[in-house]
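Only one structure is covered here, and it is reproduced in the block below.
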Amino acid sequence: MSTADVDAPPEVIHPANRWTRLTAAGRRLDLTTVPVMASVAFLGFILLCAVFPHLLTSHQPVAPDMSATLLGPEAGHIFGTDELGQDVYARVVFAVRPAVLVGVGSTAIAVVCGAILGMVSALTKPLIDTITMRLLDVFVALPSLLLALLIIAVFGTGTGQIIVAVGVAFIPPYARIVRGETVSVRDSLHIESAVGLGISRSRIVLVHILPNAVRPILVLATIGFGTSLLSASILSFLGLGVQPPAPDWGTMLSGARDYPDQWWLVLFPGLALTFTVVAVNIVGRTLRERNDKERR
């Protein structure tokens, strides 16, 4: 029998080498991805609630039952019932859609209007740029929530008014960021080269300046979504947003103040709002960190 037919002896790993391999694998496992993955999974569930709420509950969000008022969590009502006998779980689930609508709508208004205002300010005459920036400084000095309250006081309450009010209130920060990025890109060497090659001003703005100036705020808009959602819930809590009996997290928290002993009325809407805002912030900050690393 040749030596080739003889099986090679199994590899013996020294305990010290085994420990070295385990520690190296542990270093490669980035534990910071765990909250990011959990946040993405939770936001996927929130998206499911917004699109298909009927798949997650058999109860209607607006269905008073005076024989089942203020019941604690039980088999038939896992989040309990409110003062009108309505299922709290159903109302929390159905409240996701208007919350997402307000968050997306107000963030879109802030991003689009802020990008336009910031780019126009940076690409116009210095006098116009200075005046625009000083006006933005005035609005930035005002708390965003106070500015939204002023807008609602003029145009009234409702979901549409909240979208506009919160969106307009957050325009100044986005405008300032876009203005700074536009000035930085405008003064770069490749823009000077494009001007020297005779490329039209409109093409330079649309192809070279706009994508580079807007990219940072698209990442920040993720965090802005959570801030807009929280601001809208505060306005609803004050009675200036979605009006009862429509389901809304802020409105539910406001109504729970009259029933301090029924803890489930404030716990579950509060957890839904908190987890959503925290998950959005975690994902947004992760995207911002990756964007910053790519730009270095």
Side-chain angles (χ1 to χ4, degrees), residues 32-63 73 77-79 86-112 114-115 158-167 170 174 214-237 241-243 245-253 264 266-291:
T32 59
T33 61
V34 175
V36 175
M37 293 174 61
S39 299
V40 171
F42 181 78
L43 292 179
F45 175 73
I46 288 295
L47 182 61
L48 180 64
C49 293
V51 180
F52 304 109
H54 292 282
L55 297 180
L56 302 174
T57 176
S58 58
H59 295 279
Q60 293 298 319
V62 183
H77 304 281
I78 58 175
F79 284 3
Q86 301 173 125
D87 186 73
V88 175
Y89 172 71
R91 291 181 64 79
V92 169
V93 170
F94 276 86
V96 173
R97 180 178 294 177
V100 172
L101 177 63
V102 170
V104 172
S106 58
T107 303
I109 291 175
V111 169
V112 173
T159 303
Q161 288 84 343
I162 277 194
I163 293 176
V164 174
V166 175
F170 286 101
Y174 290 109
V214 172
R215 182 181 178 183
I217 68 167
L218 293 180
V219 176
L220 292 175
T222 308
I223 301 176
F225 171 83
T227 306
S228 298
L229 178 60
L230 182 60
S231 299
S233 297
I234 293 174
L235 293 174
S236 295
F237 180 84
V242 178
Q243 299 298 311
D248 179 84
W249 293 335
T251 304
M252 296 172 68
L253 291 172
W264 58 89
V266 67
L267 176 64
F268 296 115
L271 288 178
L273 176 60
T274 302
F275 286 164
T276 302
V277 173
V278 170
V280 169
N281 285 341
I282 290 175
V283 173
R285 292 181 185 279
T286 302
L287 293 176
R288 186 178 65 180
E289 291 173 359
R290 291 185 179 182
N291 180 68

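Note that this is a predicted model, so its numbers are computed, not measured.
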Handout entry: Shortest non-hydrogen contact between Thr222 and Val280, atoms and distance
Key = O-CG1, 2.8 Å
Practice task
Please tell me if the side chains of Val166 and Phe170 come closer than 4.5 Å, counting only heavy atoms from C-beta onward.
Solution key: yes
Handout entry: Asp248 side, atom CG; Phe237 side, atom CZ - distance, nearest 0.5 Å
Key = 12.0 Å
Practice task
For Thr276, check side chain to side chain donor-acceptor pair (under 3.5 Å) against everything at least two apart and list the hits.
Solution key: none
Problem - Shortest non-hydrogen contact from Pro269 toward Trp264 - result: CD-O, 3.9 Å
Exercise for the section: Under the side chain to side chain contact (heavy atoms under 4.5 Å, CB included) rule, what do Leu229 and Val102 come out as? Steps first, then yes or no, please. Expected result: CA-CA 7 Å; Leu229 178 60; Val102 170; 5.8 Å; no
Exercise for the section: Measure up the Tyr89 and Phe79 rings against each other and bin them: parallel (under 30°), tilted (30 to 60°), perpendicular (over 60°). Expected result: perpendicular
Problem - For Gly270 against Leu253, the heavy-atom pair lying closest together - result: N-CD2, 3.7 Å
Problem - Distance in Å, His59 NE2 paired with Ile78 CD1, rounded so as to fall on 0.5 Å steps - result: 8.5 Å
Practice task
Under the side chain to side chain donor-acceptor pair (under 3.5 Å) rule, collect the residues that match up with His77, sequence neighbours excluded.
Solution key: Asp87
Problem - Smallest separation among heavy atoms of Ile162 and Gly241, with atom names - result: CD1-CA, 2.9 Å
Completion exercise
Closest non-hydrogen contact found for Val242 with Pro247 is CG1-O, 4.5 Å
Problem - With Thr107 via side-chain contact (heavy atoms from CB on, under 4.5 Å) - residues at least two apart - result: Val111, Tyr174, Ala221, Phe225, Ser228
I'd like a table of donor-acceptor pairs (distance under 3.5 Å, sequence neighbours excluded) in which one partner is a side-chain atom from residues 90-100, with atom names and distances.
from: Arg91; atom 1: NH1; to: Pro61; atom 2: O; distance (Å): 2.8
from: Arg91; atom 1: NH1; to: Pro245; atom 2: O; distance (Å): 3.1
from: Arg91; atom 1: NH2; to: Pro245; atom 2: O; distance (Å): 3.3
from: Arg97; atom 1: NE; to: Ala50; atom 2: O; distance (Å): 2.8
from: Arg97; atom 1: NH2; to: Ala50; atom 2: O; distance (Å): 3.2
from: Arg97; atom 1: NH2; to: Val51; atom 2: O; distance (Å): 3.2

Handout entry: All side-chain contact (heavy atoms from CB on, under 4.5 Å) counterparts of Val214, not counting sequence neighbours
Key = Ala115, Leu210, Ile217, Leu218
Exercise for the section: With the side chain counted from C-beta on, respond yes when Gln243 and Thr251 share a heavy-atom pair under 4.5 Å apart, and no when they do not. Expected result: no
Exercise for the section: Could I get the full list of side-chain contact (heavy atoms from CB on, under 4.5 Å) partners for Arg288, not counting sequence neighbours? Expected result: Val219, Leu220, Ile223, Arg285, Asp292
Handout entry: Evaluation steps, side chain to side chain contact (heavy atoms under 4.5 Å, CB included), between Ile46 and Phe275
Key = CA-CA 10 Å; Ile46 288 295; Phe275 286 164; over 6 Å; no
